Amino acid sequence: MRTVVFNWLFARQHGGQFILRIEDTDRTRYKPQTVKTIMEGMRWLGLDWDEGPSLEELQRSGVEDAARYAVGGAYGPYIQSERVELYRQVAQQLLDKGLAYRCNCTPERLEQVRAEQRANKLPIMYDRHCRDLPPDAISPDETHVIRLKIPLTGQTVVHDQIKGDVIFDNAGLDDQVLLKSDGFPTYHLAVVVDDHMMQITHVIRGDDWIPSTPKRILIYAALGWELPVYCHVPLVTMPGGKKLAKRAGATSVTEFRAQGYLPEALFNFLALLGWSPGEGDEQEIFTRAELVERFDLFRVNKGPAAFSYDKLDWINGVHIRNLSTDDLMERLIPFWQQAGFVPTPCPDDLRPMLRKIVPLIQERLKHLTDVAELTDFFFTYLEPSAESLIGKKMDAQQSLTVLERARSLLAACSADFTHEEIEPALRGLVEELGLKAGQVFGVIRAATTGKDVSPPLFGTLSALGQDRALERLDKAIWQMRNCELIKN
RNA sequence: GCCCCCAUCGUCUAGCCUGGUCUAGGACACAGGCCUUUCAAGCCUGCGACACGGGUUCAAAUCCCGUUGGGGGUACCA
């Protein structure tokens, strides 16, 4: 997915077209659900595409909500399974030119060849058994594949924008299968045909593709087509260890949403994985627009980068703090709903309270999901523990006095119950009792929130509302008195 | 096995191309402090790296070679 972000940034930055193509030539693995997940993930991250599968294509492929993702374009179809005839024609063309050949070796024979090569510590590749058979030795009607005739000598150079020139001896390249026995093309054939037909200028992908790039360059050569610009970016590894994220990356984007990450934060983080502004510029937080302007594909590092949740969490927190109150509230509502604190749809008369809560927790959120445990006490009554109602270096009687005085002072406030009137009242209480602010506020916090840790007290009380604040103080006072009775 | 890629603090990185200004800069994380009604946020300080070995050079993190280490490829997968 990080590589997709690089592709998108590069296209947007240069005013190019960003095209989404579905490569589904492996029929044994194809699942319509995956297509939807990828598109949904890209939409969420803000990676919009200028050309992509049309409504009809998506429907034929069994993708749900096809209308939501349909884009279309002049170079379609954009789903490879819809283009098989094209690949067959190109394969036939190569056959006719004598640059490819039919091969009917069985999987068993191929495996046997490989086993022998392994045993003799030889390079593992097809032994070219069928390469020099007479053209009519294998009938088009029998089960077979079509392989490319790789030149036996010479070198093929990949001119890569990040790695530089990478040179391969043709002798070490396998006679790549172009068309499988089920009639579908391999990735190698399909991507070359499509990139050419769709006029793709830049191929930006993971550097795990480097070793097979010469094979594709030779397909271009066999067809007499012009090469695109290659740009192989390093892979992203998993946090602790160094295992490759494999293909899990693209499909898990929606999981980041569920975990409470902002799309702009994930985007920011992903762009920084392998790229940095450099030249003494140490900016780390970027908006999407800034990245489109500043990103430089050719400055991307050569080495792999490890995914770090610590850094992502920090970036997410920064972006959360940068949101407006209303924006953050709207993004938080689904998470409140999921926690069961807010009904679906959100009632209008609940919004004023939510709007007062948001600023109280904004700088405390690392993930949107954190909102549940940070604000649970606003929605349900949590009974404070007996110990928490007694302040630091205070006895039960003093604590009870704090609660009783606080109750009467807060009862004297207006129904607006604003932060501005609560604060002087309670600060006055601190003075009146000759205690420390932390002692007094701690007791009131425990009584009204049921927690030792809460958002700032005055704002919290105001958001809670006068009725519920007084009610909770009353309960705490009862609790304290009962406790005293039992003791006596 | 064979082929390819990569190598700066624990992590992401600046610096490398155009050797000296690098006693290697920043960020995350971590530790301590300040602020403070708790928790955060913010601010300050600390900890912490040029994988190793050879060259080239007056001078190398920067250029060259090798070693080691890590990753990838080696499919009728992408």
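Fair warning: this is a prediction, and the values are worked out from it, not measured in the lab. Sequence lines set the chain letters: A, B, ... in the order given, protein chains first and strands last, and positions in each chain run from 1.
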Could you tell me the separation between the [atom1] atom of [X] and the [atom2] atom of [N], rounded to a whole number of Å?
X         : N       : atom1 : atom2 : result
Arg27(A)  : rA78(B) : CZ    : C1'   : 13 Å
Leu360(A) : rU38(B) : CG    : C1'   : 14 Å
Ile162(A) : rG71(B) : CD1   : P     : 21 Å

| Quick one: which of rC39(B), rC76(B), rA78(B) gets closest to the side chain of Val453(A)? |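 For Val453(A), the side-chain atoms sit closest to rC39(B).
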
With heavy atoms under 4.0 Å as the rule, sort [X] into base, sugar-phosphate or nothing.
X         : value
Arg299(A) : sugar-phosphate
Ser181(A) : base
Lys121(A) : sugar-phosphate
Thr25(A)  : sugar-phosphate
Ile124(A) : base
Pro277(A) : nothing
Arg118(A) : nothing
Val145(A) : base
Ile315(A) : nothing
Ile210(A) : sugar-phosphate
Pro455(A) : base
Gly317(A) : nothing
Arg147(A) : sugar-phosphate

| task | Find the distance between OG1 (Thr186(A)) and CZ (Arg216(A)) and round it off to the nearest 0.5 Å. | result |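 Answer for the OG1-CZ pair, Thr186(A) versus Arg216(A), is 9.0 Å.
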
| Asp165(A): side chain to side chain donor-acceptor pair (under 3.5 Å) partners, not counting sequence neighbours |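 His159(A).
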
| What are the residues of residues 166-173 of chain A, sorted by number, that bring a heavy atom to within less than 4.0 Å of RNA chain B? |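 Here the set is Val166(A), Phe168(A).
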
Hunt down the Watson-Crick or G-U wobble partner of [N], both distances under 3.5 Å, from any strand shown, or write none.
N       : result
rG1(B)  : rU74(B)
rG69(B) : rC6(B)
rU37(B) : none

| query | Between rA14(B) and Asn301(A), is there an OP1 or OP2 to side-chain N/O distance shorter than 4.0 Å? | reply |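 Answer is yes, contact under 4.0 Å.
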
| task | Let me have a per-nucleotide readout for nucleotides 20-35 of chain B, 5' to 3', with B, S or -, counting only protein heavy atoms under 4.0 Å. | result | -----SBBSS------

| Residue pair Thr448(A) / Arg445(A), side-chain donor-acceptor N/O under 3.5 Å |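 No, no side-chain donor-acceptor pair sits under 3.5 Å.
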
| field | Pair Tyr101(A), Asp175(A): side-chain N/O donor-acceptor within cut-off below 3.5 Å | value |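 Tyr101(A) vs Asp175(A): donor-acceptor pair found between side chains.
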
| request: With RNA chain B as reference, determine whether Asp165(A) or His419(A) sits nearer its 5' end, using the nearest nucleotide of each. | output: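 Its nearest nucleotide being more 5', the pick is Asp165(A).
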
| task | List for me each residue that meets ring pair (Phe, Tyr, Trp, His ring centres under 6.0 Å) alongside Phe417(A), sequence neighbours excluded, and say none if there are none. | result |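 None.
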
| request: Kindly confirm or rule out a cation-pi arrangement of Arg147(A) over Tyr126(A), judged by NZ or CZ under 6.0 Å from the six-membered ring centre and within 45° of its axis? | output: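 Cation-pi check for Arg147(A) and Tyr126(A): passes.
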
| field | Any pair counted as salt bridge (charged side-chain N to carboxylate O under 4.0 Å, His left out), so long as it reaches residues 305-324 of chain A, sequence neighbours left out | value |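 Matches after skipping sequence neighbours: Glu284(A)-Lys311(A).
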
Could you run down the sub-3.5 Å N/O contacts of the protein with nucleotides 64-68 of chain B?
none

